[in-house]
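Take a look at the structure below.
Reminder, nothing fancy here: chain letters follow the sequence lines and each chain counts from 1.
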There are 2 protein chains.
Amino acid sequence: MSATPENTPSAPPPIGQMIAQFRASRNHSLQDLSNLSGVSKGMISQIENGQVNPTLAVVWKLASGLGVRLQDLLDEPDANKPGIEFIYLTKENCPTLTSPGHGYEVQILNTTDMVETVELYLVRFMPNGEMTSAPHVTGTMETVTVFQGEVEVDVDGARHRVKSHETARYSADVPHCLRCAGDKEALAYLAVKFPAPNQAALPVP
Amino acid sequence: MSATPENTPSAPPPIGQMIAQFRASRNHSLQDLSNLSGVSKGMISQIENGQVNPTLAVVWKLASGLGVRLQDLLDEPDANKPGIEFIYLTKENCPTLTSPGHGYEVQILNTTDMVETVELYLVRFMPNGEMTSAPHVTGTMETVTVFQGEVEVDVDGARHRVKSHETARYSADVPHCLRCAGDKEALAYLAVKFPAPNQAALPVP
DNA sequence: GCACACTGTTCAATATATTAAACCCGATAG
DNA sequence: CTATCGGGTTTAATATATTGAACAGTGTGC
């Protein structure tokens with residue numbers, strides 16, 4: 001019997017619920033996930049119902065079968081219950097950054113007060129407008145979709161072109177730049193996806 | 001139905017090495033960590049040497065004793081392989097889901113093989129097209145930006161309207177529905193942000 | 001030399017995680 | 001109705017994770 005030391009800040013993660021949620025969201029039966037992961041379906045049932053403490057290897061197999069990372073199964077499912085929300089963003093009430101010298105302006109579609117792993121922007125380019133970014137955190141990816149005009153994307157020196165109603169996804173952990181191509185205004189939707197914010201630095205020895 | 005091929009993306013995490021590193025970095029003996037975590041020191045020894053597959057509960061106790069999050073023990077020591085990438089998505093080479101009976105089609109701007117906490121979609125609505133979604137994981141938020149036509153958003157029964165070039169952000173952990181308003185086609189960009197884990201967020205047919 | 005305190009390893013006993021098969025239940029046929 | 005199937009649960013047998021104690025090495029001081 002464990003002495004239950006005083007440093008038990010929270011409960012062990014309810015991994016069963018997470019697995020059940022993931023499995024349900026993919027419309028997989030226990031048998032399906034068993035085939036995908038190599039874990040017996042009886043075991044999966046017991047894990048989902050919290051009747052056993054699965055081995056790390058088994059949890060890893062399940063994460064593999066579900067196509068998620070191990071860490072994704074460990075996050076608390078309902079740490080905070082936000083409540084139903086609906087926010088309407090117009091050009092007026094939406095925080096907008098203008099960069100007149102560079103010929104573009106950016107609407108920030110995220111609320112800035114919440115820490116997010118993704119940021120959403122709407123970028124309007126004047127002709128010859130250019131938005132240059134320093135490298136972001138390693139692993140950051142950007143997805144840009146053009147809705148008006150045409151945009152040129154430089155990624156680490158390489159130059160690419162994205163036409164209207166098309167999309168490009170590229171590494172943003174290197175110097176990169178978005179530029180209005182042609183003489184018409186351009187409108188683009190930019191999603192910046194940061195890697196998961198874990199990576200607690202190892203303490204100095 | 002789906003004969004998923006061998007999915008052995010990587011090896012199970014070398015958690016023993018991580019624990020040994022953390023323990024060494026704090027100058028803790030096996031006995032110390034045993035006292036802190038409540039796991040027997042023999043067990044810790046075997047785990048560090050990779051001789052056993054620890055139970056998730058034990059790994060969690062060790063993480064607690066070390067004062068780190070569970071995820072911190074699971075990260076590969078140096079698994080980050082940046083590699084500069086640029087992917088161009090057109091309507092042709094982009095996975096598209098059509099739902100002819102419901103009058104909309106969806107381009108998936110994420111690659112499906114990478115685990116993300118955000119999913120990006122481009123949705124084209126026919127007049128009267130309607131995309132209904134079951135609730136996603138608690139805490140999921142959706143951001144929809146309209147680029148053509150007008151879109152009606154139902155969130156948990158409440159009805160809202162988003163005009164062209166405007167944006168709405170709303171809770172997606174309740175029943176919700178996007179609908180073409182008016183008799184013109186509508187084009188919308190949809191970003192689905194999950195709290196932490198990834199989840200398939202495709203509409204219910 | 002011995003005894004001691006400390007490290008980390010390994011051993012026998014026990015608890016339990018894991019499997020494959022049996023089982024239960026609702027739906028859909030026939 | 002009975003049969004059958006797929007979904008989920010439970011069960012008996014096995015494998016193995018976990019424990020506490022015994023073991024081995026390493027200095028340290030007397």
Side-chain angles (χ1 to χ4, degrees), chain A residues 1-8 11-66 70 73-74 77 203 205, chain B residues 1-4 6-8 11-66 70 73-74 134 200 204-205:
Chain A
M1 57 200 290
S2 58
T4 314
E6 56 279 9
N7 54 3
T8 310
I15 194 167
Q17 301 175 24
M18 295 301 296
I19 292 173
Q21 283 183 23
F22 274 110
R23 185 171 65 84
S25 75
R26 305 198 175 182
N27 286 350
H28 281 162
S29 67
L30 289 179
Q31 187 61 59
D32 293 337
L33 182 52
S34 175
N35 294 339
L36 287 169
S37 63
V39 179
S40 70
K41 92 178 158 161
M43 180 85 269
I44 303 174
S45 170
Q46 296 183 54
I47 293 174
E48 290 188 352
N49 294 13
Q51 298 166 6
V52 290
N53 283 322
T55 280
L56 187 65
V58 162
V59 176
W60 181 82
K61 284 197 222 163
L62 290 173
S64 271
L66 288 168
L70 238 180
L73 294 181
L74 304 174
Chain B
M1 159 81 76
S2 62
T4 305
E6 288 304 319
N7 47 0
T8 312
I15 194 165
Q17 301 175 23
M18 295 301 293
I19 293 173
Q21 283 182 28
F22 274 107
R23 185 171 66 85
S25 73
R26 296 181 190 199
N27 287 350
H28 281 162
S29 68
L30 289 180
Q31 188 62 57
D32 294 338
L33 182 53
S34 175
N35 295 339
L36 286 169
S37 63
V39 179
S40 71
K41 86 177 160 166
M43 180 86 266
I44 303 175
S45 170
Q46 295 183 54
I47 292 174
E48 289 188 352
N49 294 16
Q51 296 166 6
V52 291
N53 283 323
T55 279
L56 186 64
V58 162
V59 176
W60 182 82
K61 285 196 219 163
L62 290 173
S64 270
L66 289 167
L70 197 37
L73 294 181
L74 303 175
V204 98

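Gln46(B) meets the side-chain hydrogen bond (donor to acceptor under 3.5 Å, both in side chains) test with no other residue; sequence neighbours excluded. Residues passing the side-chain hydrogen bond (donor to acceptor under 3.5 Å, both in side chains) test with Asn49(A), sequence neighbours excluded: none. Applying the side chain to side chain contact (heavy atoms under 4.5 Å, CB included) rule to Ser45(B) yields the partners Leu30(B); only residues at least two apart in sequence or on another chain are considered. Under the rule for a side-chain hydrogen bond (donor to acceptor under 3.5 Å, both in side chains), the partners of Asp32(B) that lie at least two apart in sequence or sit in another chain are Ser29(B). Take Ala20(A) and apply the side chain to side chain contact (heavy atoms under 4.5 Å, CB included) test, not counting sequence neighbours, and it matches Glu48(A).
Within residues 41-49 of chain B, the residues that have a heavy atom under 4.0 Å from DNA chain C are, in order of number, Lys41(B), Gly42(B), Ser45(B), Gln46(B), Asn49(B).
Take the nearest nucleotide of DNA chain C for Gln31(B) and for Thr55(B): the residue whose nucleotide is more 5' is Gln31(B).
When every heavy atom of Ile44(A) is checked against every heavy atom of Val39(A), the shortest pair comes out as CD1-O, 3.7 Å.
Regarding Asn35(A), its CG atom lies at a distance of 12 Å from the P atom of dG6(D), rounded to whole Å.
Sorted by first and then second residue, the salt bridge (Lys or Arg N to Asp or Glu O under 4.0 Å) pairs involving residues 13-22 of chain A (not counting sequence neighbours) form an empty list.
Here Ser40(B) lies in heavy-atom contact (under 4.0 Å) with a base.
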Item checked: Trace of the side chain to side chain contact (heavy atoms under 4.5 Å, CB included) decision for Leu62(A) with Ile47(A) -> CA-CA 11 Å; Leu62(A) 290 173; Ile47(A) 293 174; 4.0 Å; yes
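Think of the region where chain A sits on DNA chain C: with heavy atoms and a 4.0 Å cut, that region ends 5' and 3' at dA17(C) to dT19(C).
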